Amino acid sequence: MDKQFNEVIVGFGGMGNWHRELIESGIDNLHLKGVYDIAEAPCRKAKEMGYHVYESLDAVLADPEVDIVLCATPNDFHKDIVIKALRAGKNAVSEKPVTLSSGELQEMIDAANETGKIFTVHQNRRWDEDFLTIKKIYDENMLGEVFNIESRVHGSRGIPGDWRNEKVHGGGMMLDWGVHIIDQMLQMIPGRIKSVYCTTTNVTNGEVDDGFTLVLQWENGPRTLLEVGTSNFVELPRWYVQGVNGTAVINDWHLNGKIVRITNWEKNDAIPIKTAAGLTKTMAPRTDETIATEELPIVHSDIKDFYRNVMDAISGKAEQKIKHHELMRVMKVMEAAFRSAASGQVVDFE
Ligand code: NAD
């Protein structure tokens with residue numbers, strides 16, 4: 001019979017409950033053993049739901065039946081909880097961002113190496129279907145050579161009014177959403193990043209960034225632009241990709257979008273556009289005589305594969321999917337982005 005893995009959720013807020021729901025929806029061999037939170041209200045809620053609530057983190061770590069500790073606390077607690085869990089002989093999964101700096105991340109990696117336990121991070125947006133669809137378009141060269149990729153996440157609610165507002169807790173949108181979209185881009189584009197240029201915004205919050213625009217220049221790859229905004233009452237598309245033979249766009253979370261590709265370079269279908277003050281042929285829209293509009297080749301995914309991989313990695317049946325060196329590279333891009341934003345300069349990278 002396959003081994004059953006017992007998980008405890010540490011930090012039973014929004015994301016802790018997301019993990020609860022995912023596990024309870026059924027993942028073979030994964031069992032939710034209990035919950036721990038420093039605050040009273042989440043503990044009460046967990047008890048009412050019928051879960052075992054541990055009285056302390058030490059009590060979680062002293063339970064020999066616990067295999068996996070999931071850390072879903074605010075960002076500044078991840079490091080200490082993960083290291084403690086690893087040293088207690090547990091496998092540890094941290095929510096993103098793994099921690100606040102590359103130095104802290106190195107301490108976590110060292111603890112994992114010393115103990116031989118699995119330490120990984122819930123970079124769940126590697127399973128986003130919009131990302132996987134764009135990755136397929138890129139990998140399969142469906143637009144010809146791609147020279148520009150823009151990945152944006154836009155909202156208009158400002159930065160949430162909780163710990164995400166405060167620097168000490170690892171607040172700000174770079175660490176919140178940046179970590180996801182940078183991780184996705186680094187998964188998609190192979191090779192060396194030459195330079196990083198970033199500007200940040202402070203529209204609704206003076207203490208931490210409430211948005212940013214980040215340009216990564218690759219040695220042998222397209223220009224990539226990554227942007228998070230929280231004061232965008234009209235949002236730009238989630239993805240916009242330009243190749244020499246066409247353009248792909250994904251407009252929203254529901255994967256509305258299209259590919260438009262050239263079908264005839266020879267024919268001149270330009271009907272000049274006259275505006276109140278001028279005329280342009282260059283910017284005249286193409287007609288169906290020279291382009292084709294196609295549906296996106298949607299790629300489907302199953303986020304439960306994250307936990308399946310964690311269990312396989314613990315059992316030695318597979319490599320962990322979210323790897324330490326990948327986490328470190330994303331962290332270093334974020335640090336370079338902050339340096340660039342502070343100095344106003346392009347920062348050399350790898
Ligand atoms: P939240 O504020 O809703 O919940 C955090 C919980 O942790 C609270 O119940 C709080 O009482 C508890 N807590 C705080 N310090 C603790 C400690 N030392 N020990 C035990 N419990 C403690 O926050 P959230 O939105 O659930 O975010 C939690 C983590 O999940 C963050 O790191 C966040 O970045 C991450 N997150 C990830 C995703 C994703 O898609 N992967 C989405 C949202 C949040």
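A quick note: this is a predicted structure, and the numbers were derived from the prediction, not measured. Order of listing sets the numbers, starting from 1, for every ligand and every atom in it.
- Protein heavy atom at the shortest distance from atom 3 (O) of ligand 1 is Gly14 N, 2.9 Å.
- Less than 4.0 angstrom separates some heavy atom of Phe77 from each of these atoms of ligand 1: 15 (N), 18 (N).
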Query - Step-by-step salt bridge (Lys or Arg N to Asp or Glu O under 4.0 Å) determination, Lys96 to Asp176 - result: CA-CA 8 Å; Lys96 47 52 63 174; Asp176 195 49; 3.3 Å; yes
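- From the protein, the heavy atom lying nearest to atom 12 (C) of ligand 1 is Asp37 OD2, 3.2 Å.
- Of the candidates Lys96, Lys45, His19, Lys96 brings a heavy atom nearest to atom 34 (O) of ligand 1.
- Geometrically, Lys79 does not engage Phe77 in a cation-pi contact, judged by NZ or CZ lying under 6.0 Å from the ring centre and within 45° of the ring axis.
- Partner Thr201 forms a side-chain hydrogen bond (donor to acceptor under 3.5 Å, both in side chains) with one of Asp210, Asp209, Thr213 and no other, that one being Asp210.
- Closest protein heavy atom to atom 28 (C) of ligand 1: Ala72 O, 3.2 Å.
- Geometrically, Lys321 engages Trp127 in a cation-pi contact defined by less than 6.0 Å to the ring centre and at most 45° from the axis.
- The aromatic rings of His122 and Tyr307 sit parallel, their planes meeting at an angle under 30°, below the 60° perpendicular limit.
- For atom 32 (O) of ligand 1, the nearest protein heavy atom (residue, atom name, distance) is Asn75 OD1, 2.6 Å.
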Query raised in the report: Please walk me through it: do Lys267 and Glu289 pass salt bridge (Lys or Arg N to Asp or Glu O under 4.0 Å)?
Result: CA-CA 8 Å; Lys267 190 168 176 55; Glu289 287 177 279; 3.4 Å; yes
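- Using cut-offs of 30° and 60° on the angle between ring planes, the pair Phe119 and His324 is tilted.
- Close contacts of ligand 1 with Arg164, meaning ligand atoms under 4.0 Å from a residue heavy atom, involve 24 (P), 25 (O), 27 (O), 33 (C), 43 (C), 44 (C).
- Between Asp162 and ligand 1, a contact under 3.5 Å exists for no N or O pair.
- Residue-to-ligand polar distances keep Arg125 apart from ligand 1: every N/O pair is separated by 3.5 Å or more.
- Using a 4.0 Å cutoff on heavy atoms, Gln123 does not count as a contact of ligand 1.
- Glu95 OE1, 3.0 Å is the protein heavy atom nearest to atom 37 (C) of ligand 1.
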Query raised in the report: Given Arg44 and Glu40, is the salt bridge (Lys or Arg N to Asp or Glu O under 4.0 Å) satisfied, shown in steps?
Result: CA-CA 6 Å; Arg44 203 171 39 244; Glu40 218 183 294; 3.5 Å; yes
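- Applying the 4.0 Å criterion to heavy atoms of Gly13 picks out, from ligand 1, the atoms 3 (O), 4 (O), 6 (C), 9 (O), 26 (O).
- By the 3.5 Å distance cut-off applied to N or O atoms, Pro74 is not counted among the residues near ligand 1.
- Looking only at protein heavy atoms, the nearest one to atom 19 (N) of ligand 1 is Ile38 CG2, 3.7 Å.
- Between Trp163 and ligand 1, at least one pair of N/O atoms sits closer than 3.5 Å.
- The existence of a salt bridge linking Glu326 and Arg126 is confirmed by a sub-4.0 Å separation between a basic side-chain nitrogen and an acidic carboxylate oxygen.
- Here's the thing with Met15: one of its N/O atoms is less than 3.5 angstrom from an N/O atom of ligand 1.
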